[in-house]
Amino acid sequence: MKLTGQYILPALPAQVWDLLTDPNRLAKLLPGCERLDPDGPDRFKAAVKFGIASISGKYAGTVEFAEKNPPNSMRMKLSGKGLAGFVDGEGQVELTEKDGQTELRYTGKAQVGGMIAAVGQRMIEGAAKKIVDQFFAAAAEELKKG
Amino acid sequence: MSAEIQIRVNGKSYETQVEPRLLLVDYLREVLGFTGTHVGCETSICGACTVLLDGKAVKACTVLAVQASGSEVTTIEGLSATAPATANGNGLHPLQEGFWEKHGLQCGFCTPGMILASVELLRTNPSPSQTEIREGLSGNLCRCTGYQHIVQAVEYAAKKMKSRKR
Amino acid sequence: MPAATRYLGKPLKRKEDPRLIQGLAHYVDDLVLPGMHHVAILRSPYAHAQIRSVDVSKAQAAPGVVLVLTGADVRGSIGSIPCAAQIPDMKAAPRPVLAHERVRFVGEGVAVVVATDRYAARDALDLIEVEYEPLTPVVDPEKAIEKGSTVLHEGHKDNVAYHWELEGGDLKAAFKKADKVIKQRMVNQRLIPTAMETRGVVADYKPGERQLTVWSSTQIPHLLRTQVAAMLDVPEHSVRVITPEVGGGFGSKLNIYAEEALAGYLAIRLGKPVKWIETRRENFQGTIHGRDQIDTVEVAFKNDGTILGLRIHVIADLGAYYQLLTPLIPTLTGLMASGCYKIPAIRTEITGVLTNKMSTDAYRGAGRPEATYLVERTVDLVAAELKKDPAEVRRKNFPKLSDFPYATPTGVIYDSANYPGSLDLALKLSGYKKLRQEQAKARKQGRCVGIGLSTYVEICAMGPSSAMPAGGWESATVRIEPSGMVNILTGASPHGQGQETSFAQLGAEILGLEPGDVNVIHGDTAIVPYGIGTFGSRATAVGGTAAYKALMKLRDKLAVLAGFLMGENPGKLVFSDMNIFSKTNPKKSIPFGEVVAAAYTAKRLPPNMEPGLDATTFFEPSNFTFPFGAHVCVVEIDQETGDVKLLKYVAVDDCGNVLNPLLVEGQTHGGIVQAFGQAMLEEAVYDEQGQLITGELTDYAIPRAADLPWMETDRTVTPSPVNPLGVKGAGEAGTIGATPALANAVADALSPFGVRHVDMPFKREKIWKLMQGVRAPLGARQDRVRAPLGARQNNGGRRSK
Amino acid sequence: MIPAQFEYVAPKTLEDALRLVERHGDEAKILAGGHSLLPLMKLRLAQPRYVIDIGRLRGMNYIREENGRIAIGALTTHAEIESSDLLRAKCPLLAETAATIGDIQVRNRGTLGGSLAHADPAADYPAAVLALDVEIIAASTAGTRTVAVGDFFLDMLTTALRPGEILSQVRVAPLAAHTGTAYEKLHQPASGFAIVGVAARITLGKDGTIEDAAIGVTGLGPKAFRAAAVEKELRGKKASDKLFAEASRHAARGVDPLSDLHASADYRREMAAVYTRRALGRAFARAQGKA
């Protein structure tokens, strides 16, 4: 599954960068994130309780940053595993300044396996979009707070 | 975690302590031993688990036994007037007869559900056209017959049931 | 077969039905044994991964759990899954019953839980912790054989399982002589057999008797016994396999599966009966798949439509491991590449490829639908290229009646046929000429209508033992009991085909009894002599013949005895109406029961006659049989949505003589509808990571009643010379003959859009896309009020009153 | 497929049910007919600690006229809606839509309230209730409130129902004069869900101009929506096949269609236009008193 999108975030790229790479603040933005603990350089262990309405489950996974080029671009790797299956995602995040705000573009691929792949076909893409939207909406909120 | 349920199945009452998560189809098959109700897909697509719940066809794989408490269930075993029917077929329900007469089954696995869904169909539409039969059975999959003989079996039963009423 | 018959060839109602229509039959899941435990299997969510660790401690401690085992725990105790197919230079790809070290497809078993309760077994699966290290999945078979691809199996240098070639005739000359050559790639997609009953096993071990009984939903009880005994390393005579009622197979139960050996192992180890019932998702992920070939065909032909040669290359996706016949199936495509045509030169080259998917194996038709599809599509391509009627191009290439038995360049000998006869009848029944006129009219009105033909031949009645990995004969024992009741024991264990009825008809006919007097027993290795099983449309032609021969042996013995008792020449007796009559003096007769009783009381027997009435035959056929037929259909495509509607279907099949036409009709209908499924709906889809995303019946569509029109079926009868019954077999004709007819109709419908070929399944979006960007070549506007073309939609014009 | 364990409660009155829903919060799921929730629980994608079975609540299963509107109890099954004479006469769109859901066995169990509250992006009802401008009544221990359907569907599987609320009733206005409705659906061949489903309602003026038009679309995006752009193109114009065809092209405007195994986003977008046109054509014919 390919994921692409763009968001305007109400802060300068440097501030957005700080937010995205600060595990403590990031943990608050990731939907359902219960814990985000360092696990090596630019790598974090995550415990996420994720749900949309009736569908919910706990996932254990990792978040990784690579090819960091502050405050312009980086690669983000996400992986999670739970009873319902696993999710692996990798994408490129680009930040550019636009009128004192940041335009964030991401392009990536996500792979879903296990039960959710076998039965969740018609929901997966919608769910992925929803999570990403939630994440950036939360990021925008956080940045507004300054 | 358990709940007490009271169900009438094929005319007989049962009171059982069950786990709330117990599916009606598992209750019928595994607790009461009515194994004529089959499990084919578990996703309420194939209709092999069709039973009559208070006279209406439902897919027993997607009903909890606790939901059926206080209700009346008819399975394939309870459909014939004198279950089991005699060797020459006396006592068979007209639909059972139709499936036999018209070779409406091969492996037989979908057949109980197919027959009970047909009971529902003829209850609401006693003289269905072939198109209506095909559409009325859209909740039941058969991999053997190609459906044509099933359509004829239902036609046979419809005719027979009408003539009986007269 | 006798000319005038009482039961044979008659549409008798089935004897097996009363129990099935009343819910009184017993499938595996209906069996309950005292103290029975339940088995659940944890399966890999990864297509390709290294297993780093498996922690079963939490599961083992869960309530109700009796035992949890991993692949490492059982690897020394249970042999790997057997493959009976041998192809020269084939690489080995055996599958362990539970994966250890590495998993190679989504759904491969990793650990097994035994619990006292089915729900508890399922709960415990969630408590097993497996750490996987994902490896690159190999999904696309064409990429799998490219250099540098990840290799599935240790010790292999690449993912090519084997190369197989078959060539007959002078191909070079054929292509040199040709006026034209067409090349076309065709994909025969991966299918999921989807028997309505999933697989299931119950196993019980009696330590005192050292007897393991395995109840399994299988098409091959005896082969299963031999193989399970070998996998568990126990003597074969200590294993008994029973097939209870089997809820459909279609080839998917013509196999030896991990769970059959596992259940046996667990029953022995625990000393408790165990039951494992496959879930539908397990069935989709872990029961064999069918087809999955990428075929490239080049055809050399003359301007008059004469086909001179075929060059075929097949890439066969075998999946990750071999099941029982996995590597063999594609070779049947090569064997049947001549279709029902006289093609002087044919070369087939097959590359078997290993990928991170479930194994492919025999699915209804098994290799022959692929052959028929590529040949029949090719004939239509030739017709389209030459702007000739496809019926004429077919006729042009049929062998003459005097050519039979006809030896193809692929090395098989077609037993008997009348291809023009079945084509003519199909054209007549369908009103083909008129259909073409109506099609032309419809096109002018802007409607997208297609007519499809297929003429097919299939190889059936598997078969002579020389051509079969585990023997091609079949057994039958006939026992006439002292009361005069007859038991026929057949090794061809059925699963819906109705042998209990058709073999009873045979017995009643031969012995002059009622079908109710003849009982058919099958599917119990402790009772029935060793048999091969029901598959490859063989049950009647091979199993039925075995029963016929055993019946004849007893009839002959009874005739001698009756003659002795009556003082009549045994050669001049007739068996009829429960009596044995003198041909010369019909008033002279003796009751059948009296003769039987005499055989058992043994007080007045002819000299040297043994008492009792019991005969066993192992029938070895001299050749395969080759049923054939012609199908015609009409489809209409909704240009706005791409939706393909089947409007009309006519099938003329020739399966030789028939024992019960009702059963043959049922087989034909079912086969056609399964072909419809392949053509229109079905496709097992793995994504690029090897996830099976058609994982349940909520995403894998099989035909429903409302998808189909009334099917008109008829038969011609060309008896087979291969067996004394003259039967050929009817189980697979539908899936073989119908798929190309449907595909040809869709290609015909799309031809005004410049489409030459489109791969199955004809899903709406795919068809819709082909019509986009092409200016509607047909009349402009779509009329929503449609005159019925070729009449008979769904209700077939036969509205009930 | 076996659900994980849960505690089961089957309240007898709505008041009891509301108290339970309030007490257990998001640890509880509400079970009506079970045809949305049980499949998820069997897959263990949903593992609620409590299941509150409202299927036994009395007085939640009805279709009746109240103050000039038709009130439908949340526990009314699809089959009951499909076969209701009252609905067939005065609000045929709901009956027509119900008849396209799943199969008869599913329609005998599944409920209107359950389906709406679940808000499956491919469910059929959402298109119809949007086109009908229904009101949704949500009950809680604090009383009831009315939610306009336009505010009800928020996102995939997400509605405006608040924690502690139970959808208790749907209210719909009877069909106005010179009004026609239709539901057209492209079904997913395996599950029967809507790849695209379009419900149309058209009211004609005396001169044949379109006085009002409402189009509900389901299956296309994460939630069902009103095709406002199509409606705008239609209002005040003289109905014709050409107008319907042109207006329908805007059916997917502003929506980012879903893409899955069964239909790409492009195909869904195109089919939204086709099915909108077809629904409009049929609704128009009915508004004229034909068909």
Side-chain angles (χ1 to χ4, degrees), chain B residues 1-5 18-26 30 39-71 113-114 116-125 132-141, chain D residues 1-10 12 28-29 31-58 61 75 77-80 82-83 99-111 114 187-193:
Chain B
M1 272 172 277
S2 82
E4 172 156 333
I5 59 169
V18 299
E19 264 195 287
R21 62 172 171 162
L22 182 69
L23 300 171
L24 178 60
V25 68
D26 292 342
E30 294 172 12
V39 179
C41 76
E42 307 167 271
T43 51
S44 65
I45 297 288
C46 82
C49 64
T50 300
V51 299
L52 303 180
L53 183 61
D54 293 327
K56 291 178 184 170
V58 302
K59 292 181 172 175
C61 76
T62 309
V63 178
L64 298 171
V66 286
Q67 285 180 290
S69 183
S71 293
M114 199 65 87
L116 289 165
S118 303
V119 170
E120 166 88 28
L121 172 68
L122 295 183
R123 178 176 68 84
T124 52
N125 181 0
E132 286 167 339
I133 294 171
R134 286 175 185 273
E135 276 159 12
L137 295 177
S138 65
N140 292 74
L141 297 178
Chain D
M1 261 191 211
I2 299 163
Q5 292 180 336
F6 55 83
E7 299 252 10
Y8 173 80
V9 268
K12 292 251 161 47
K29 290 292 168 216
L31 178 72
H35 276 46
S36 299
L37 182 60
L38 288 179
L40 292 173
M41 288 176 60
K42 288 172 72 184
L43 293 167
R44 302 199 173 192
L45 290 172
Q47 300 198 14
R49 186 156 166 212
Y50 300 96
V51 168
I52 301 167
D53 181 0
I54 61 168
R56 294 174 187 283
L57 299 188
R58 273 171 295 241
N61 180 342
L75 293 180
T77 64
H78 311 329
E80 287 159 348
E82 175 188 358
S83 59
T100 71
I101 300 172
D103 48 62
I104 184 60
Q105 293 98 313
V106 168
R107 297 197 292 276
N108 276 336
R109 284 299 291 174
T111 65
H187 70 278
Q188 198 260 62
S191 70
F193 271 96

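The chains referred to below are lettered A, B, ... by the order of the sequence lines, with proteins before strands, and numbering in each begins at 1.
With rounding to the nearest 0.5 Å, the separation of CD in B/Gln67 from CG in B/Leu22 is 11.5 Å. To the nearest 0.5 Å, atoms CZ (D/Arg107) and CD (D/Gln105) are separated by 9.0 Å. For the atom pair OG1 of B/Thr62 and CE of D/Met1, the computed distance is 9.0 Å after rounding to the nearest 0.5 Å. Here the OG1 atom belonging to D/Thr111 is positioned 9.5 Å from the CZ atom belonging to D/Arg109, to the nearest 0.5 angstrom. Of the inter-residue distances, the one linking B/Ser44 atom OG with D/Asp103 atom CG reads 7.5 Å to the nearest 0.5 angstrom. Atom CZ of B/Arg21 and atom CZ of D/Phe6 lie 8.5 Å apart (nearest 0.5 Å).
Considering only heavy-atom pairs separated by less than 4.5 Å from chain D, the leading option among B/Val63, B/Asp26, B/Thr43 is B/Val63. Of the listed residues B/Ala3, B/Ser69, B/Ser2, the one with more heavy-atom pairs under 4.5 angstrom with chain D than any other is B/Ser69. If you tally non-hydrogen atom pairs under 4.5 Å between each of B/Leu23, B/Val66, B/Ile45 and chain D, the highest count goes to B/Val66.
D/Ala10 does not touch chain B: none of its heavy atoms, backbone or side chain, sits under 4.5 Å away. Only the side chain of D/Arg56 comes within contact range of chain B, judged by heavy atoms closer than 4.5 Å. Heavy atoms closer than 4.5 Å to chain D are found in the side chain of B/Glu19, but not in its backbone. Residue contact with chain D, scored on non-hydrogen atoms closer than 4.5 Å, involves the side chain of B/Glu120 exclusively. For B/Thr50, the part sitting under 4.5 Å from any heavy atom of chain D is the side chain, from C-beta outward, and nothing else. With a 4.5 angstrom heavy-atom cutoff, D/Leu31 touches chain B only via side-chain atoms. For a residue to count as touching a neighbouring chain, one of its non-hydrogen atoms must lie under 4.5 Å from one of that chain's; by this rule D/Ala32 touches chain B with the backbone only. There is no contact between B/Val39 and chain D, counting heavy-atom distances below 4.5 Å. Within the 4.5 angstrom heavy-atom criterion, no atom of D/Ala79 approaches chain B. Contact of B/Leu53 with chain D is made through the side chain alone, with heavy-atom distances under 4.5 Å.
Across B/Ile5 and B/Ala65, no two heavy atoms sit closer than the pair CD1-CB, 4.0 Å.
By a heavy-atom distance cut of under 4.5 Å, D/Lys42, D/Arg44, D/Asp53 are the residues of residues 41-55 of chain D near chain B, going up by number.
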Could you go step by step and tell me if B/Leu64 and B/Leu24 meet the side-chain contact (heavy atoms from CB on, under 4.5 Å) rule? CA-CA 5 Å; B/Leu64 298 171; B/Leu24 178 60; over 6 Å; no

Working for side-chain contact (heavy atoms from CB on, under 4.5 Å), residues B/Ser118 and B/Leu137: CA-CA 7 Å; B/Ser118 303; B/Leu137 295 177; 3.6 Å; yes

Could you check B/Ser71 against B/Asp54 for side chain to side chain donor-acceptor pair (under 3.5 Å), going step by step and ending with a plain yes or no? CA-CA 6 Å; B/Ser71 293; B/Asp54 293 327; 3.0 Å; yes

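D/Glu80 and D/Thr77 share a side-chain donor-acceptor pair at under 3.5 Å.
Within the 4.5 Å cutoff, no side-chain heavy atoms of B/Leu121 are placed close to those of D/Ile104.
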